[in-house]
Amino acid sequence: QGQIREAAQQAAERAKEAAAEAARLAENAQQAAQQAAEKAQKGAANLAQNVQEVLPGVDAKCAEGPVLTLDYDFDEGGLGFDLEGAVVLVVDPDGQAAALGVRVGDRVVAIAGDALPEPPADMPRDEADAKVKRLIRKRIKDQPRPIRLTFVSGVPAATGGEAAPPAEEDASIAAPGESSAGPSAERVA
């Protein structure tokens with residue numbers, strides 16, 4: 001019986017030590033999780049600030065230097081991006097555009113090999129953006145899929161001026177034969 005009692009006491013001591021170690025590990029994990037959450041929150045705040053600092057540059061004139069032109073072939077369905085004028089403002093992470101590599105700040109410069117004309121320089125910015133967006137929609141709808149869109153990577157629109165707020169009209173383009181109205185339409189341009 002003495003051996004059993006001694007074994008039980010040793011087991012109880014080991015259980016207490018294990019419980020204390022588990023509590024210490026849980027506290028460390030909680031601290032690490034809180035630090036990670038704080039770090040993520042700071043990172044998100046920095047990212048938001050960086051986006052606000054970068055977006056006005058999208059509206060500036062192109063800087064001199066090499067220009068990266070990218071051709072992407074889009075299949076049936078939503079394209080997966082939203083535009084202001086010809087500049088990509090939003091990329092749906094689950095859409096075709098993201099899968100192909102389109103990024104915020106890229107600018108549509110051609111559809112099916114046909115270059116987009118620049119709006120008149122004296123046209124107000126919001127009017128020019130709306131006109132370019134309508135032209136892009138029309139050209140995409142008039143073409144069979146797959147359709148090749150040509151982008152200039154991250155190059156600002158050459159219309160200059162201050163950033164205009166996104167147009168209130170829906171920037172969606174539906175696949176041929178689909179309606180661009182209603183909640184089921186995918187936002188693609």
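Side chains are part of it too, since the values below use all heavy atoms of this structure and drop only hydrogens, waters and symmetry mates.
Between S153 and R103, the shortest heavy-atom distance links the atoms OG-NH2, 3.5 Å. Summarising the geometry of A98 relative to P93, their closest heavy-atom pair is CB-O, 3.6 Å, with the distance given to 0.1 Å. Heavy-atom minimum distance, L135 versus P117: CD2-CD, 3.6 Å. Between D75 and P146 the shortest heavy-atom distance is OD1-CB, 3.6 Å. Across every non-hydrogen atom of G80 and A97, the tightest pair is O-CB, 3.6 Å. When every heavy atom of I140 is checked against every heavy atom of L79, the shortest pair comes out as CD1-CD1, 3.6 Å.
Residues V152 and L68 are not in side-chain contact: their nearest non-hydrogen atoms beyond the backbone lie 4.5 Å or more apart. In this structure, the side chains of L116 and V109 stay at 4.5 Å or more apart for every pair of heavy atoms.
The side-chain contact (heavy atoms from CB on, under 4.5 Å) test with R139 singles out one residue from I147, D114, L149, and that residue is D114.
Remark: I111 CD1 to D142 CG distance equals 9.5 Å, nearest 0.5 Å. We find the NZ-NZ distance between K141 and K138 to be 10.5 Å, quoted to the nearest 0.5 Å. Note: D106 CG to L83 CG = 10.5 Å, rounded to the nearest 0.5 Å. The distance from atom CD of E17 to atom CZ of R24, rounded to the nearest 0.5 Å, is 12.5 Å. If you take CD on Q35 and CG on N28, they are separated by 9.5 Å, rounding to the nearest 0.5 Å. For the atom pair CG (D73) and CG (L100), the distance works out to 8.0 Å, reported to the nearest 0.5 Å.
Taking a 6.0 Å sphere around CD1 of I4, one finds it holds 12 or fewer heavy atoms contributed by other residues, nucleotides or ligands. Enclosure of atom CD in Q31 by more than 12 non-hydrogen atoms of other residues, nucleotides or ligands within 6.0 angstrom is indicated. Within a 6.0 Å sphere centred on CD of Q41, heavy atoms belonging to other residues, nucleotides or ligands number 12 at most.
Separation of the F151 and F81 ring centroids falls under the 6.0 Å cut-off.
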Problem - Test side chain to side chain contact (heavy atoms under 4.5 Å, CB included) applied to V102 and V88, step by step - result: CA-CA 8 Å; V102 175; V88 176; 4.0 Å; yes

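Side-chain atoms of R145 come within 3.5 Å of backbone N or O of G77 as a donor-acceptor pair. Formation of a donor-acceptor pair under 3.5 Å by the E84 side chain with backbone atoms of D129 is not found in this model. Within the 3.5 Å criterion, the main-chain N or O of V87 finds no donor-acceptor partner in the side chain of R107.
In this structure, L70 is a member of the same hydrophobic cluster as F74, with clusters built from ILVMFWY side-chain heavy atoms closer than 4.5 Å. Each of M123 and V108 belongs to its own hydrophobic cluster when Ile, Leu, Val, Met, Phe, Trp and Tyr are linked at side-chain heavy-atom distances under 4.5 angstrom.
By the 4.0 Å N-to-carboxylate-O rule, K16 lies too far from E13 to be salt-bridged with it.
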